[in-house]
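Here is the naming used below: chain letters follow the sequence lines, and residue numbers restart at 1 for every chain.
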2 protein chains.
Amino acid sequence: MGLEEVEGMNPLARKLQRLGRVSEEDVQHVLALPAIVKAVPTGHYLVREGRPATECCVLLSGFACRHKLAATGARQIVSFHLPGDLLDLQHLLLSVADHNVQTITEAVVAWVPMAAIRKLTAQSQAISDALWRDTLIDASIFREWVLNVGRRDAKTRIAHMLCEFAARCESAGLGSASAFELPMTQEQIADATGLTSVHVNRMLRALEADGAIARDRRHIRIADWQNMRSIADFDPAYLHAA
Amino acid sequence: MGLEEVEGMNPLARKLQRLGRVSEEDVQHVLALPAIVKAVPTGHYLVREGRPATECCVLLSGFACRHKLAATGARQIVSFHLPGDLLDLQHLLLSVADHNVQTITEAVVAWVPMAAIRKLTAQSQAISDALWRDTLIDASIFREWVLNVGRRDAKTRIAHMLCEFAARCESAGLGSASAFELPMTQEQIADATGLTSVHVNRMLRALEADGAIARDRRHIRIADWQNMRSIADFDPAYLHAA
DNA sequence: CGACAACTTGACGGGCGTCAACCGGAGTGG
DNA sequence: CCACTCCGGTTGACGCCCGTCAAGTTGTCG
């Protein structure tokens, strides 16, 4: 999706409306936020660990991931992000980035000065609540990921990641949870699940052989969602979607 | 520590002062929060998954952990908590608990109505910021834990957990980071690191054999903190202390 | 048609889990 | 004051899940 095709801050406004009862006036304020909109290529860094951040990045189209590096050089992806997501809201109150954010597809992002967001949160309790709620849901997802990489076996872990991605895409209005396109490579799935790309490949094929998913390149279909939920140990409660 | 020995909401007030520039007046408001203070035994549940929460629990003395369960019954501890910690601030804006909180020692806790906290955050931007900041730091710690269980080997993982615990204790004024008492069993360390208690035992003894730590029952001494940091791949930046 | 990234597959090995036994200190009750 | 109990910690043998290494294969884009 190119620059001309995105509809301004609408993805963000929609997300805030999902997060809480935000008034029409508040929505107008969000749409009026001062923002520099840019198209960026795959692999572009939006946040870098150790850097101070004075602007907040909003993903308008495309996909991104947050990741951290171990001393060995191993990478751990700690979250994936969809259009509408605020990519570094934590820097509203934390001065230095403790992780990286990088696009995994071509993307369009809006850079908003932190000061403008601060002003908005001071003006509107509803917006402030919605943003805080967003950070709380992010934290809840991180907790689930700790459980996922800490206590589930490889097949369950990958299935869980697929379920979460599908559920979040659907809830963001990006299509159906039972048929969707994965934006990430198997190596990125590996980095998100604490596995190797080789083993991710084996497990994806196993899920396919089990009939849990159907694959055509990166297109995934989940015919029997109840079955998949059970294979994946997936209970969407932690997503706190409306 | 019994009921009579804790000094009211002081641990919380001290924590908020560490989190941001909170005025003397704000501190008074915190100390004046309506609270029911209780002593609870080891293993007591303070938050239960699936339950709605209308009160917020503040840990005044003792230690607690948050955990989630996988379908197999395996438990994953996603964080440990120290005196002064707010144990379920997420329920300020999320209606249903997505995890459990349980004491791991005898403890004294204060139950504060959510409404009183809402009132406080509405009145004071500084308190609101401090609490939000607290939830952001929690999230940062969760991200580090995802990396820890996802990409570090067992020895490093345990060493990292020890470093984090030591650093947080010191920063909370509970003693020195180079000599401290662990409140948790090896099984709880295992559940926090995604390992088994058997392997935790092996790795603790390996760390001891390497000279990284000295142990006497649950008392840990870290003679060479720089060495330990390097073994543990520990960089305290993610704790966003001071 | 060549180059490259992503995916696929097989052989092999190791880190950590599993199982099972034992130890040792703290609390309890006779 | 000593047996008994129980929980937590310790140890060893064995095996499996997943990592490593290495070699293809496929699709895409110039």
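The shortest heavy-atom contact between A:Tyr45 and A:Asn100 is CE2-CB, 3.7 Å. What you find for A:Trp145 and B:Val146 is that their closest heavy atoms are CB-CG2, 4.0 Å. The two atoms that bring A:Ile77 and A:Cys65 nearest to each other are CG2-CB, 3.8 Å, heavy atoms only. Taking both residues in full, the closest heavy atoms of A:Ala35 and A:Val112 are given as CB-CG2, 4.0 Å, listed atom of the first, atom of the second, then distance.
Reading DNA chain D from its 5' end, the first and the last nucleotide to sit under 4.0 Å from a heavy atom of chain B are D:dG8 to D:dA13.
Distances shorter than 4.0 Å separate none of the side-chain N or O atoms of B:Arg152 from OP1 or OP2 on C:dC16. Taking only side-chain nitrogens and oxygens, A:Arg218 comes nearer than 4.0 Å to OP1 or OP2 of C:dC7.
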Dump every N/O contact between nucleotides 9-15 of chain C and the protein below 3.5 Å, one line per pair.
from, atom 1, to, atom 2, distance (Å)
C:dT9, OP1, A:Arg205, NH1, 3.2
C:dT9, OP2, A:Arg205, NE, 2.9
C:dT9, OP2, A:Arg205, NH1, 2.3
C:dA11, N6, A:Arg202, NH1, 3.4

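Checked for salt-bridge contact, A:Glu144 and A:Arg152 meet the test: a charged N lies under 4.0 Å from a carboxylate O. The pair A:Arg168-A:Asp85 meets the salt-bridge criterion, since a charged nitrogen lies less than 4.0 angstrom from a carboxylate oxygen.
Checking A:Arg143, A:His81, A:Arg66 one by one against A:Asp138, the side chain to side chain donor-acceptor pair (under 3.5 Å) holds for a single residue, A:Arg66. Tested against B:His67 for a side chain to side chain donor-acceptor pair (under 3.5 Å), the candidates B:Gln102, B:Gln188, B:His99 yield a single pass: B:Gln102. Among the candidates A:Arg202, A:Lys155, A:Arg215, A:Arg221, the single residue satisfying the salt bridge (Lys or Arg N to Asp or Glu O under 4.0 Å) test with A:Glu208 is A:Arg215.
At the heavy-atom level, B:Arg215 lies under 4.0 Å from the strands shown only through sugar-phosphate atoms. Contacts of B:Thr196 with the nucleic acid, taken as non-hydrogen atoms under 4.0 Å apart, include base atoms.
Taking atom CG on A:Leu204 and atom C1' on C:dC7, their separation rounds to 10 Å, with Å as the unit. For the pair A:Arg217 CZ and C:dA6 P, the computed distance is 11 Å after rounding to whole Å. Rounded to whole Å, atom P of C:dA6 lies 12 Å from atom CG of A:Asp191.
Between B:Phe63 and B:Phe165, the ring centre distance stays below 6.0 Å.
Nucleotides of DNA chain C nearest to A:Glu187 and B:Val200 differ in position, and the one nearer the 5' end is that of A:Glu187.
Axis angle across the helix from C:dC1-D:dG30 to C:dG30-D:dC1, with five pairs used at each end and values rounded to 10°: 30°.
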